[in-house]
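These notes are about the structure you will find just below.
By convention in this document, chain letters (A, B, ...) are assigned in the order of the sequence lines, proteins followed by strands, and residues within each chain are numbered from 1. Note that this is a predicted model, so its numbers are computed, not measured.
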Protein chains: 2
Amino acid sequence: METRELRYFIAVAEELHFGNAADLLQMAQPPLSRAIQQLERRLGVALFDRSGRNVALTIAGEVLLDEGKAALAAVRAAERRTQRAAATPTQIVLAAKAGASNELLTTLLDRYAITPAAAHVDVQLVGVGEPERMLRDGRADVALLLLPFDEPAGFDFTQLNSEGQVALLPIGHPLAKRKRLSTSDLEALPGLPQPRWPEPDGSFLEGDGPTVRDYVQLLQLIGLGRACAIVPESSPRLGNSLAVVPVHDADMVATVIAWPPHSRSRAVAELVASSASVPKIQASLTD
Amino acid sequence: METRELRYFIAVAEELHFGNAADLLQMAQPPLSRAIQQLERRLGVALFDRSGRNVALTIAGEVLLDEGKAALAAVRAAERRTQRAAATPTQIVLAAKAGASNELLTTLLDRYAITPAAAHVDVQLVGVGEPERMLRDGRADVALLLLPFDEPAGFDFTQLNSEGQVALLPIGHPLAKRKRLSTSDLEALPGLPQPRWPEPDGSFLEGDGPTVRDYVQLLQLIGLGRACAIVPESSPRLGNSLAVVPVHDADMVATVIAWPPHSRSRAVAELVASSASVPKIQASLTD
DNA sequence: CCCATTGATACCTCACGGGTATCGAAAAAT
DNA sequence: ATTTTTCGATACCCGTGAGGTATCAATGGG
C-alpha cells in the first residue's frame, strides 16, 4: 500500500463523497474512484458501501481509516524528524500547551541546561491539543501533555506532576464565596455556561457555551460574567480579576513528558532523565 | 514520501550496498540509485555518505532508518488489520510466547469467554520476540509480552503478573543442591554456558553457548548437561528431569497484555477489561 | 599499474497515474 | 409519473516517471 493510496482513501473516508474528496486532493474525480477501486482490489477488501448514491464505510474501512491515519502520521513524522536531524543536528523541539506548566517547564529546562553537552531546546508553546499532534506527526521531539485531556497512547511518557482543579468564576458571583465546589454545582449554571473548545479538526460540538480558542479569551469571557471554567490549579490567572474556588471532585490533572517510542536520540533521553529530578510541584492555591 | 521509497531506503541502509540491496528488492541497481537520489532531493537531506566506494549512513539517515521502519510497520499493520477485519469480523488474534504464562493465559481466556458477545480469540503461540513483532506489524491484535525481554514501547499495556526467576540445572550438578543462587554464580560456569537465543533478525551473537531456537530444545540441552538457563518461575519444566533453584538477584519478569494504541476494537477492549480481573498469580516453586 | 568492484549516468520503454468526456442509476424536483 | 440533477463508474487518451540495459568513472586491492 502506497502512502498516496492511503491519502486518497482517508480523504474519501472522511468526506464520504468522491467528488468533494477529489476537490480536496486537487484532482479529478475519475482517477480517484479508480485508485480506490484498485486499493480495494489489491487488499481484497471492500472499503466502501456504494449503495445507490450515498457512500458509507464498511467495518474494514473503519479499521483502515483509524490505522491508516496513524500510519500516515508515522510516515510524516519520519520525514520531519529526518529533515530536522539534518538541519540542526543538536536541537530538539519541545511542545507544550501555552500557559500551562510554566513553573514546571522552566525548572525542567534549567535542569537540562546544566547537563553536559545539552542540546538547544526549541520550546513551542501552542494551543489546546497541539502538543500531542506535533509529537505524533514529527514536528516535535518531546511534549508536555496534560492527562486526561491529552491521550499519550502510543508514546512513552513519565509523569511529572499531578494537581487538582479549580473553578474560575466572575468576582461577585454567588458561588465565588464558597470554600469548595463540586462539578455538579457548575453544571448548567444559569447564564454561566462552560465554554466549548475546538475539536481536533477545528470544529465545535453543538452546545450553548461560547466558543473559545485560547486561554486569554477564556479569562476575558469569565471576567465579563459570560462563562465559568474548571482549570488545573497551576493555570495562570492574570492577576486577581477572577474568583478561584477549588473543585473537590474534578479529575486530577497529570502533567507528563512524552516522547516517541524507540527514540534513540541522546538529547531526548537526557532531557527525560533530567525531568526525573524535577520536584513534583503541588501547586498551592495561595500563589 | 511513498512507502516504495521507504522500502528502498531501508534496504540500502541495512545493506550499506546498492547492488546487494537491489538484489534483495529484486530490481536492477541503477533505478535504485536514482530512487535514493530522488528521495534525498525531495527531503532536501543527504541520507548516505558515498565517499569512495563504501556507503555509510549520515545522522539524518540513521534517524530515517529508525523512524522509517516504524512507519512501514504501521502501514503494514493497517493493511493486515483491515484485511482481517473484512475476513472475520468478530475474531481477534492474541499472540503469546509458546510455553510462557500458560496458567495466566487460560484464566484470561476463560474470563473473557463468559463476557457477553465474546469474540473468538485466535491464540497464536509463537517464538521468542515474535509476539511483539506480530503486534507491531498487525498480525496480532493483542499480545502477552514479557518484560524486560520484550519492549512495549509504542503500545498500550497493563501488567498482569510479576514473578522472579529460577535457574534450571542438570540434576546432580553441584549448584543444584543450593537453596538459592545469584546471577554471578551462573556466569561462566565451566562446561555449563548459557545458550544464545536468536536476535530479531534471526542471527546469533558471537559467544560460546549453544544456539537455541525453542524452549524444548533448551530443556533438552540442560538435561544433557550442556547448558544452564535462568527462566521465569512459571516456565513449564517438563516433569522433574531438571533441578530448579531460585535466583535471588535476577530481574523480576512482568507479564503484560499489550495492544496497539487507539485500538477502537470493542473485542480488544473487553478482552483487556477482563484481564484486569485475572488474579495476579505468584507462581510457587512447588508446582 | 592494472583490474575488479561499485555507484552514477545515458538512454530507452512502457506501465500507470491523471485528465476529459460521457454513461447510468438513483434521488430530488416539478 | 416524468424530468432534472447528482454522483460514481466507464471509456479513452496522454505524459510522466519507474524500471531496464549498456556504459562510464572512480576507488581500492593485488
Side-chain angles (χ1 to χ4, degrees), chain A residues 1-62 64-65 68 71-72 75 79 86, chain B residues 1-62 64-65 68 71-72 75 79 86:
Chain A
M1 197 165 42
E2 293 301 313
T3 61
R4 181 181 46 78
E5 302 177 289
L6 251 185
R7 280 192 304 273
Y8 289 2
F9 167 77
I10 290 173
V12 177
E14 290 187 328
E15 293 292 313
L16 291 178
H17 188 294
F18 282 74
N20 296 354
D23 282 350
L24 280 186
L25 295 167
Q26 313 216 53
M27 67 187 293
Q29 169 259 321
L32 178 58
S33 285
R34 258 181 307 144
I36 300 288
Q37 287 171 3
Q38 183 174 317
L39 177 60
E40 288 180 309
R41 229 177 310 126
R42 280 215 255 260
L43 291 177
V45 165
L47 299 170
F48 293 103
D49 263 335
R50 301 141 169 106
S51 52
R53 103 203 230 171
N54 64 333
V55 177
L57 280 170
T58 61
I59 302 287
E62 286 181 21
L64 185 57
L65 180 55
L72 259 195
V75 172
E79 290 182 27
Chain B
M1 194 165 43
E2 293 301 313
T3 60
R4 181 180 45 80
E5 302 177 288
L6 251 185
R7 281 192 303 272
Y8 289 2
F9 167 76
I10 290 173
V12 177
E14 289 187 330
E15 292 293 313
L16 291 179
H17 189 292
F18 282 75
N20 297 353
D23 282 351
L24 280 186
L25 294 167
Q26 312 215 51
M27 67 188 291
Q29 168 260 320
L32 178 59
S33 285
R34 257 182 306 141
I36 299 288
Q37 286 172 5
Q38 184 175 315
L39 177 61
E40 289 179 309
R41 231 177 307 125
R42 279 215 256 261
L43 291 177
V45 165
L47 299 170
F48 293 103
D49 263 335
R50 298 129 164 121
S51 52
R53 100 203 234 172
N54 63 332
V55 177
L57 280 169
T58 61
I59 303 287
E62 286 179 20
L64 186 57
L65 180 54
L72 259 195
V75 172
E79 289 181 27

Below 3.5 Å, can you tabulate the donor-acceptor pairs from side chains in residues 24-34 of chain B to any protein atom, sequence neighbours excluded?
unit_1  : atom_1 : unit_2  : atom_2 : d
B/Gln29 : NE2    : B/Ser33 : OG     : 3.0

With a 4.0 angstrom cut-off to heavy atoms of chain A, pull out the first and last contacting nucleotide of DNA chain C, in 5'-to-3' order.
C/dG17 to C/dA27
Is there a side-chain contact between A/Ser33 and the phosphate of D/dA9, meaning an N or O under 4.0 Å from OP1 or OP2?
yes
Contacts of B/Glu2 that satisfy salt bridge (Lys or Arg N to Asp or Glu O under 4.0 Å) - sequence neighbours left out:
A/Arg7
Using the side chain to side chain contact (heavy atoms under 4.5 Å, CB included) criterion, which residues pair with B/Asp23? Sequence neighbours excluded.
none
Just jot down the ring-ring contact (aromatic ring centres under 6.0 Å, His included) partners of A/Tyr8, sequence neighbours excluded, or say none.
none
Test of understanding: with side chain to side chain contact (heavy atoms under 4.5 Å, CB included), list the residues that count as partners of A/Val55, not counting sequence neighbours.
A/Leu16, A/Phe18, A/Phe48
Using salt bridge (Lys or Arg N to Asp or Glu O under 4.0 Å) as the criterion, list what pairs up with B/Glu79, not counting sequence neighbours.
none
Go through residues 14-24 of chain A and report each residue with a non-hydrogen atom lying under 4.0 Å from DNA chain D, sorted by number.
A/His17, A/Phe18, A/Gly19
What one-letter contact string describes nucleotides 17-30 of chain D from 5' to 3', where B marks a base within less than 4.0 Å of any protein heavy atom, S marks contact via sugar-phosphate atoms alone, and - marks no contact?
-SBBBB----BB--
Side chain to side chain contact (heavy atoms under 4.5 Å, CB included) against A/Gln38, all qualifying residues, sequence neighbours excluded:
A/Glu5, A/Arg41, A/Arg42
Would you say that more than 12 heavy atoms from the other residues, nucleotides or ligands in this model lie under 6.0 Å from the CD1 of B/Ile59, or not?
no
Does B/Asp49 have any side chain to side chain contact (heavy atoms under 4.5 Å, CB included) partners at least two apart in sequence or in another chain, and if so, which?
B/Ala56, B/Thr58
For B/Glu14, all residues meeting salt bridge (Lys or Arg N to Asp or Glu O under 4.0 Å), sequence neighbours excluded
B/Lys69
